[in-house]
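Every value quoted in this text rests on a predicted model; they were computed, and no experiment measured them. Per chain, numbering begins at 1; letters A, B, ... match sequence-line order.
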Protein chains: 2
Amino acid sequence: MSSATVSHVINSSRYVAPETRKNVLRAIKDLRYRRDGIARSLRRSSTGTIGIMVSDISNPFFAELVRGLEDVIYARGEQNNVILCNTDEDVEKERRYLDVLLEKRIDGLVIAPAGGNRAYLRELILKGMPVVLADRVLSGVGADAVVVNNREASREATAYLNGLGHRRVGILKAALSASSIEERFSGFREALESVGVSLSAELVVVSRSDIEAACQAARHLLDVPDPPSAVFATNNFMTLGLMRTIAERGMSCPENLSIVGFDDFPWATAFRPHLTVVSQPAYAIGREAALLLFARLGEGKDAPPVTKVLRAKLLIRESCAAVKHGSGRMGDRLVRPSTREWCSPAGAPAPQLASRGSLRPR
Amino acid sequence: MSSATVSHVINSSRYVAPETRKNVLRAIKDLRYRRDGIARSLRRSSTGTIGIMVSDISNPFFAELVRGLEDVIYARGEQNNVILCNTDEDVEKERRYLDVLLEKRIDGLVIAPAGGNRAYLRELILKGMPVVLADRVLSGVGADAVVVNNREASREATAYLNGLGHRRVGILKAALSASSIEERFSGFREALESVGVSLSAELVVVSRSDIEAACQAARHLLDVPDPPSAVFATNNFMTLGLMRTIAERGMSCPENLSIVGFDDFPWATAFRPHLTVVSQPAYAIGREAALLLFARLGEGKDAPPVTKVLRAKLLIRESCAAVKHGSGRMGDRLVRPSTREWCSPAGAPAPQLASRGSLRPR
DNA sequence: TTGTAAGCGTTATCAA
DNA sequence: TTGATAACGCTTACAA
């Protein structure tokens with residue numbers, strides 16, 4: 001019973017006589033033998049480990065994304081597993097973690113990049129490391145990517161506000177060098193421009209991407225001389241900061257302020273106000289990222305990079321009201337309060353009147 | 001310039017002439033050499049990898065816990081990192097994952113155990129694997145543990161409801177074989193008994209621990225012939241399910257129903273109703289677990305197991321009202337609506353009237 | 001049908 | 001002050 005035979009029994013990698021195999025299995029059991037995965041990885045030069053880097057796992061969006069990823073990876077069996085890294089949007093931390101993961105010889109990487117390690121990532125990919133960008137793209141690195149239609153969805157959301165008569169619309173912009181945020185901003189601006197409104201600087205407030213900072217930013221935004229009648233929040237931290245600020249000030253939504261957030265929450269229909277949001281399929285983003293990665297680990301090693309765009313959807317709930325006569329600026333038209341007032345952009349499907357945004361299978 | 005010398009330069013593990021060292025460093029840079037962590041782990045028989053097993057990373061409680069853990073582990077440097085495993089409270093899945101982690105030769109394990117692998121875990125520990133239980137204990141396995149004072153906190157929360165005059169109090173009990181849930185249940189029962197109320201079976205509803213199931217359970221609970229005037233939810237999924245159900249039915253809290261949840265949410269003060277909850281220091285649980293683990297990886301290899309108990313705190317907000325005259329059952333006393341009506345159990349500090357439960361450092 | 005032995009890239013011992 | 005070499009535990013080509 002040589003080590004070779006044992007190996008072959010464990011891996012079913014060549015014929016072993018039933019008798020021998022039985023003996024091997026018995027010995028394994030008796031000795032509580034467990035194969036050493038490290039030695040195995042060394043020999044096979046593949047670890048079965050995937051790196052996942054996000055800014056913060058306690059952000060529900062990333063938690064869902066990671067969950068989607070992990071489910072696919074676990075289902076693949078074969079000792080596959082996931083090393084989790086939180087970068088806090090810190091470029092330096094991201095780079096250090098990339099080094100750690102490379103030393104650990106991960107088989108592949110899924111990353112929501114902070115934005116400052118483009119060259120490093122390109123080099124990695126050139127060397128043959130499979131990399132999938134999730135949630136954000138990074139132009140020119142040649143990686144696969146899974147994102148959502150940020151720009152269109154934001155345009156749609158803003159158009160919805162416009163349809164309710166809002167012309168003075170503020171935006172809370174997370175200070176991330178992430179393509180997603182920029183695209184959301186573009187969509188926002190385009191929608192306003194298409195109804196003849198050009199962005200005024202004081203209605204664009206940039207904020208560090210955490211709840212505390214978002215509170216501050218929201219205060220600024222609401223304190224401008226002629227405050228907005230509606231606000232678009234570019235991610236879930238911005239939304240939470242805004243809602244906290246509103247609560248602090250005893251304002252009520254949608255009576256005093258209409259709000260659309262980017263990102264849904266599992267508790268959106270359980271608490272008031274029921275927020276109108278652009279819902280992202282976070283779980284699916286993670287899942288698709290894993291699938292893209294596996295594709296590249298298999299045959300498609302040198303296929304050209306693909307970008308998968310999933311659909312973010314406007315979920316109309318109860319945080320937006322039509323502007324009241326006289327409350328808008330000069331030039332505002334009277335708009336009757338009806339959520340049906342709003343029209344889809346040509347060709348786009350009408351937004352759903354949905355009660356729940358969870359896209360997670362059970 | 002032998003491989004030995006290179007190794008010593010990288011690890012500063014013995015004196016190397018400045019000249020040589022410079023050459024080595026230059027070569028490393030030129031060749032873009034990176035040490036192979038797998039070979040290193042094989043040779044040193046230690047990987048720097050910690051396994052973390054929770055039921056579901058998309059549960060905000062576990063996300064915070066994992067974040068606390070990861071922060072400490074990252075700060076330790078030295079190629080330390082974390083493999084994340086979601087068990088879904090599934091004993092079989094937990095066992096499979098344990099096998100994977102052992103093959104990967106993790107240096108230590110932090111686990112919120114599903115409850116069915118006690119013998120397996122004990123054996124692991126006996127073999128010398130450092131294990132820290134988080135959130136839940138498992139008697140007799142000899143592992144370190146970090147938990148909160150579930151029973152006392154639940155008793156306190158229930159006493160608060162009693163103080164508001166509630167005698168017919170329901171409980172949504174998550175169906176987990178986790179010590180935490182059992183302890184919360186005990187505290188709940190004890191508090192009721194101490195005001196002379198014995199539990200009626202129809203007010204104890206057990207539910208699978210996810211939002212969907214919790215909704216179902218909440219419907220059952222509210223549909224009993226003589227429905228409760230207050231409900232205690234034993235974890236955040238139970239709370240969310242309950243709130244959804246209330247919203248569905250157009251009931252309002254605290255007018256129609258008083259509610260206390262276990263687990264706080266970062267958005268608790270941003271949306272209505274502002275829930276009164278028992279807040280757990282999730283981040284700190286993760287952090288302490290990591291510290292316990294490192295202690296065991298260092299000197300305290302064979303020290304007796306320690307259990308660290310952190311304090312969960314009742315945060316009184318606005319989801320509980322005093323029972324109205326006549327709305328209670330026969331025997332209910334009239335209780336004036338005042339949150340100060342309630343008294344701390346002897347010796348316990350009065351609960352804080354807090355606005356925010358986040359315990360996370362920035 | 002099974003065994004032998006090389007080799008994966010480190011680190012650590014011993015020798016020089 | 002540095003180099004040669006064994007060993008970590010596995011997989012796999014080759015031999016028997």
*When you check the gap from the basic side-chain N to the acidic O, do A:Asp88 and B:Arg67 get nearer than 4.0 Å?*
yes
*asked:* Any residue in residues 7-19 of chain B with a heavy atom nearer than 4.0 angstrom to DNA chain D? Just list them by number, or reply none.
replied: B:Arg14, B:Tyr15, B:Val16, B:Ala17
*Could you please name the option among D:dT2, D:dT11, C:dG9 that lies closest to any side-chain atom of A:Arg35?*
D:dT11
*asked:* Does D:dT11 have OP1 or OP2 under 4.0 Å away from a side-chain N or O of A:Arg44?
replied: no
*Hey, which of these two, B:Ser2 or B:Arg43, hits DNA chain D nearer its 5' end, going by closest nucleotide?*
B:Ser2
*Rounded off to whole Å, could you give me the CG-to-C1' distance for the A:Leu42 and D:dT11 pair?*
10 Å
_A:Lys308 side-chain N/O to A:Asp144 backbone N/O, donor-acceptor pair under 3.5 Å_ = no
*Rounded distance (Å) that lies between atom C1' of D:dC10 and atom NZ of B:Lys104*: 13 Å
*Could you check if a side-chain atom of B:Tyr74 sits within less than 4.5 angstrom of a side-chain atom of A:Lys93, using non-hydrogen atoms only?*
yes
*Going by an N to O cut-off under 4.0 Å, is there a salt bridge joining B:Arg105 and A:Asp36?*
yes
*asked:* Any salt bridge linking B:Arg136 with B:Glu89? Criterion: basic side-chain nitrogen under 4.0 Å from a carboxylate oxygen.
replied: yes
*Contact class for B:Ser45 (heavy atom, under 4.0 Å): base, sugar-phosphate, or nothing?*
nothing
_Pair B:Glu103 + A:Arg40: basic N to acidic O under 4.0 Å_ = no
*Any side-chain donor near an acceptor of the partner, B:Ser139 and B:Arg118, under 3.5 Å*: yes
*CG of A:Asp36 versus P of C:dC8: gap in Å, rounded?*
18 Å
*Whole-Å distance separating the CD1 atom of A:Ile38 from the P atom of D:dT11*: 13 Å
*At under 4.0 Å between heavy atoms, what does B:Arg34 touch on the DNA or RNA strands: base, sugar-phosphate, or nothing?*
sugar-phosphate
*Taking the side chain of B:Arg40 as its heavy atoms from C-beta onward, which of C:dT11, D:dT12, D:dC10 lies nearest to it?*
C:dT11
_So if I take every side-chain heavy atom of B:Ser3 and compare against D:dT2, D:dT12, C:dT11, which nucleotide ends up nearest?_
C:dT11
